[in-house]
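Numbering starts at 1 and runs along the sequence shown.
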Amino acid sequence: MLNPLPSALMLDDRNRPYFLWDLDMTADLFKERLDDPDPQVSGYFHGKLMRQARPDDVFEFTSRKRIRELWPRILPHLGKTRDFWSWILVEWERCDR
């Protein structure tokens with residue numbers, strides 16, 4: 001069961017998500033980058049989301065389906081969270097069978 005932060009805690013007074021501490025970008029602009037038609041751009045921002053946000057908060061911005069689609073583009077951007085996300089993708093696949 002997912003337990004995302006309420007938006008009052010996820011976004012600051014300028015509509016910036018807490019996990020974009022190193023980037024001055026609103027949630028709306030971030031969502032646009034996640035949906036960018038260029039898979040390199042979208043993959044980079046998905047990796048940033050998955051690397052810096054709480055796992056439960058990731059799904060307030062994207063879906064399992066989108067992560068699967070972009071996985072090869074996301075993987076290089078996961079840093080220390082790579083093992084966790086690799087494991088959870090295998091578990092999802094196993095549960096979806």
(Q) Regarding D28 and R33, does a basic nitrogen lie under 4.0 Å from an acidic carboxylate oxygen? (A) no
Q) Where do H46 and R73 land on the side-chain contact (heavy atoms from CB on, under 4.5 Å) test, with the steps shown first? A) CA-CA 9 Å; H46 272 81; R73 307 289 183 166; over 6 Å; no
Q. Which atom names give the shortest non-hydrogen contact between P37 and P39, and what distance separates them?
A. O-CD, 3.2 Å
**Q.** W85 side chain to M50 backbone, donor-acceptor under 3.5 Å
**A.** yes
Q) Do the non-hydrogen side-chain atoms of F30 and T26 ever get within less than 4.5 Å of each other? A) no
Q) So which heavy atom on S86 is nearest to which on L75, and how close? A) OG-CD1, 4.0 Å
Q: Measure from the ring center of F45 to the ring center of F61 and say whether it is less than 6.0 Å.
A: no
(Q) Is any side-chain heavy atom of Y18 closer than 4.5 Å to one of Q52? (A) no
Q) When hydrophobic residues are tied together by side-chain contacts of less than 4.5 Å, even through go-betweens, does W71 share a cluster with W87? A) yes
Q: With the side chain counted from C-beta on, respond yes when H77 and R51 share a heavy-atom pair under 4.5 Å apart, and no when they do not.
A: yes
Q. So do L49 and L20 actually touch side chain to side chain, heavy atoms under 4.5 Å?
A. no
Q.
Are M10 and E60 packed together at the side-chain level, in the sense that at least one heavy-atom pair is separated by less than 4.5 angstrom?
A. yes
Q) If Ile, Leu, Val, Met, Phe, Trp and Tyr residues are connected whenever their side-chain heavy atoms lie under 4.5 Å apart, and connections chain through other members, are V90 and I67 in the same group? A) no
Q) Has the side chain of T62 got a donor or acceptor atom that lies under 3.5 Å from a matching backbone atom of F59? A) no
(Q) Can you give me the closest heavy-atom contact between L78 and T81, atom names plus distance? (A) O-OG1, 2.7 Å
Q | Heavy-atom closest pair, residues A27 and P17 | A | N-CD, 3.7 Å
Q. Is there side-chain contact between R16 and L29, with at least one heavy-atom pair below 4.5 Å?
A. no
(Q) Would a single hydrophobic cluster contain both M25 and L9, if residues Ile, Leu, Val, Met, Phe, Trp and Tyr are joined by side-chain heavy-atom contacts under 4.5 Å? (A) yes
Q) Are R66 and S42 close enough that a side-chain donor and a side-chain acceptor fall under 3.5 Å? A) yes
Q.
Looking only at side-chain N and O atoms, does D36 offer a donor or acceptor that is under 3.5 Å from a partner on Y44?
A. no
Q | R64 and D96, any side-chain heavy atoms less than 4.5 Å apart | A | yes
(Q) Run the side-chain contact (heavy atoms from CB on, under 4.5 Å) test on D24 and R14 for me, step by step, so that the C-alpha distance in whole Å, both residues' side-chain angles and the decisive distance to 0.1 Å come before the verdict. (A) CA-CA 10 Å; D24 189 14; R14 292 175 38 203; 3.0 Å; yes
